[in-house]
Structure formats: C-alpha cells, structure tokens
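Here the structure comes first, spelled out in structure tokens, and everything after it is commentary.
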Amino acid sequence: MKDPQVEYKPRETWRIMKNAVIISVAFMVHFTAYSGAANLQSSINAESGLGTVSLAAVYAGLIFSNIFLPVVIIKWLGTKWAISLSFITYMPYIAAQLYPTFYTLIPAALIVGLGGGPLWCAKCTYLSVISEAHSTISDISPEVLLVRFLGLFFMIFQFNQVWGNLISSLVISSGDNVAAVTTVNDSFIPQLCGGNFLPTKDAGQALQQQPPEKIQMIAGIYLGCMAAAALIVAVGVDSMKRYKTSRSQTGSSLSGMALLAVTVKLLVEPNQLMLVIINIFVGMQQAFFGADFTAAFVSCAVGTGTVGFVMVAYGLADAIGCVVTGYLAKLTGRMPLIGLATVLHSLLLMSLLAWSPQQHQAYIMYIIAVLWGFCDSIWLVQINAYYGILFKGREEAAFSNFRLWESVGYIIAYIISPFLKTSIKTYILIVAMIVGVIFYFIVEYRDRKAKRVIEIEEKKTRKAKSLAGQENTAYVQGE
C-alpha cells in the first residue's frame, strides 16, 4: 500500500475522473433495468397491490441492509467488489417478473434490498475518497469536488430513467398495442383518474394487463443490462486501495463491529435526527412519482404505453438538473437551491390536487415530469453532498443512514399507495416536505454556528501564540 505522504502525479486526476465516470455509467446501465421494471410495477402488477408491495419489500430489506451490512461488506470485499457483486443481487427480481406472485416477487425484492445497502454506501464512499485524493493534486476543496462528483454521478445515473423507460414503452407499444392505451371511457376519466384514483378499487377498471411475451422480452433485456453493469465495474474501476490513504480519518480503518457501532451511534445524533424527515420525503416523492403519478394520471388517463415516455422526460430533466444545480451550488450555496426546490415542488403538488386529467392532456404530464425531475435533482445532489460534509470522516455511516431514512420514505409511500386516494397521499407529501425543510434549515444554522465558534477559538489560539512569541522575542532581546 502507498505511503500516506506520497503525492499523486497530476495525471492522476484523469484516472480519478475515469473511475467516477465508469462507476456512474455502470449504475446507469444497472438501474436502466431496475428503474424501468420498478416504474411499471403499479401498472403491470396492480392486482392486490402486488407491484407496490414488492417495492415496499425492497426498501424493507434496504433498511436492514443499511444498518447492518454496508460497513461489514465494504470491509470484507472493498468498495469496488461490493458494487460489482451487489448488482447481481438485483437480478432475481427481474427474473421474477416472468412469474409474478407473492411467493416469487416478495423474496426476490427482499434480496434486492439486502444488496442495495452495500451498493449505495460503497458508491458514496468511493466518490468521497477520490474527492479527497483529487484535492491533494488540484488544491480544490474536497467539499466542492464531492458536490461535483455527485453532480456528475447523478447526471449520468438519471439517464437510466431515459433508457429503461424507453425500452419498456417501445416494447409495450410495439405490435398490437391495445393494452398500451387506456380503456377508460373519456367521460369517466376525471372522476376515476388523478386525485380521485384509488388503486385497490380502480386498478382493475383503469389498468390493463400486458401480454406475457412483452414482459418476457423486457425482462430479458433488463437481465442483460444488469450483467453488463457488474462486468463494467469489475473490469474498469480501480481498487479504492489506490486512494484510501489520502483520508485523514475513515471508518474503514475500524473493525467491522466498530464500524457498525459508528453507524448505529450516528442514528441518534441531533443533526441526523433532524435530517430524518427530509430524507424520508426524498424517498416518498420519488416513490410517489414512479408509482402513484404514473398509475393515477398517466396509465389511467392516457395508457400504460405512455408511462415510459413520461418517465424519460423526468429522467432527462433530473440528469440535466444534477449538473446544473451542482454548479449553481458553487455560486449560490445549498440553502437557496433547497428553498427553490421547496417552492417549486409545493406548486407541483398543489397542481396535482387541482388538476383533473384528460386523455388529450398528455403534454401537461410531460411538463410536470420535467419540473419534478428538476426538483429531484436538487434534493438528491444537495442533501447527499451535505451528508458528506456534515459527517466528514464517518462517510460510510452517514451515507448508510441517508439511504436508510430514504428507504423508510419509499416504504411508507408504497405501503399506503394501494389504500389511499392520490389526493390524500399528495397532502402527506406536502406536510412531510415542509416539516423536513424546516428541520434542514435548523441543522444548517446549528452547523454554521458551530463552525463560527471553532473559528473564533482558533483565532484566539493563534493570537495567544502570537503574543507569547512576541513576549519571548522581547525577553531574548532584553537579555
């Protein structure tokens, strides 16, 4: 292993960037499959809420995984192999789409959850480490670099929404696409769809089953994507050992049980507790858009074949927003962007409460998808980056907790999805967002106040040392 004091060559920045890009591309390819399948669950497996229940199972497994597995798996396998092998745990869920029952989908979904914790934690840890390595060469702050790398990652990653949903929509809409369009009578759409939509009551009438051969084709393509993603990381990414020693402190230097203790201990810290609601909201709003909006507004009013195209618009906006907001944060800081996302998302949610969709109003769904994607890009990049900054030196534990509470948001959204009208779920989102943002700003205030206290103490220390030095000089001269 390299000596901690060895400096990297300037060319190393290109290698660091290569690793960041390859990881981002691998995640995009992998989640092209998973997101494409997940976005269809509320439409193609709507009976008895099977699709959304399976998604809830994914995040139930993810909660357990985020608490107990990431630090142990990363310690055992290393970040590179934790990512590559975790991709494979998602494959049974795609295969289960060929025979979707509670006995096949739910166990497969739990396996996805178990793999998801180490996967996302390893990604965040790797980006944190290479940000610090890059900083030693470029003299750019590691905090700024982490935001840039996360912006790059989510820009590339969010294209999974484009390719995954494009694949599903093209397959579903191909050939005899009767099942791809809505069968609801135009006059009943305003009463049945939108805010009035109740999955357990209306899914059978509004959502049509897809031909088995089309589901088989989609599953085959998605399984190929997941296998390719695992191979991309295995072959193309450098081991984190190359950069690991650039960190002044990291949980990776601790034993597996000590790392677990750090993760659990962080759960009850005041700043972490106050960020719980905003984390939950981030998960809830993503799950709501992918499951409730697509079923209640898109599939119900326009048809299942349009779901993928709407999600493509969402994914493109999210990807572009991740880059744009990542650089805007350098000019404006996090807080103005969080404020913008809060205002814009509030307007979107209120518009869903007021709007009754019609079959000829698909363009409005695309507008909502673009604006929602832009808001999501702000939540993802800025909250993720803030975790890396706020809990510096404990990144593995911090990112595990971020994913844990985000997963709680997904579970809440998916569990309530079949049983509540869309309008009620929209009100819940509004309340969660407002409460979460208020606590987020409190954490920002506490953090900045603590940093000011430290700066004042450091100035006093430097001044005291300076005065002591002057007194010693005067004493020597007097001698």
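Bear in mind that the values here come from a model prediction, so they are computed numbers and not experimental data.
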Plane angle bin for Y440 and Y386 - parallel if under 30°, tilted between 30 and 60°, otherwise perpendicular: perpendicular

K123 side chain reached by F27 side chain, heavy atoms, under 4.5 Å: yes

Those residues that, when tested against Y314, pass ring-ring contact (aromatic ring centres under 6.0 Å, His included) (two or more places apart): F289

S54 side chain to Y414 side chain, donor-acceptor N/O pair below 3.5 angstrom: no

Backbone of L348 reached by a side-chain donor or acceptor of S351 within 3.5 Å: yes

S35 side chain vs T32 backbone, donor-acceptor pair below 3.5 Å: no

Partner of F297 under ring pair (Phe, Tyr, Trp, His ring centres under 6.0 Å), chosen from W355, F197, W372, Y366: W355

Parallel, tilted or perpendicular: ring planes of W379 versus F281, cut at 30 and 60 degrees: perpendicular

Short side-chain to backbone donor-acceptor contact, T426 and L353, under 3.5 Å: no

Validation row, ring centre Y387 to ring centre F391 under 6.0 Å: yes

Donor-acceptor contact present, side-chain T89 to main-chain S86, <3.5 Å: yes

Main-chain N/O of S377 paired to D318 side chain as donor or acceptor, under 3.5 Å: yes

Residue among W163, Y222, F157 satisfying ring pair (Phe, Tyr, Trp, His ring centres under 6.0 Å) with F31: F157

Test: D238 and K80 ion pair at under 4.0 Å: no

Approximate separation, where rounding is to 0.5 Å, of I130 CD1 and L146 CG: 9.5 Å

Under 3.5 Å: donor-acceptor pair, side chain of T306, backbone of V302: no

Heavy-atom closest pair, residues M433 and S346: CE-OG, 2.9 Å

N/O donor-acceptor pair under 3.5 Å between S169 side chain and L166 backbone: no

Backbone of G194 reached by a side-chain donor or acceptor of T422 within 3.5 Å: yes

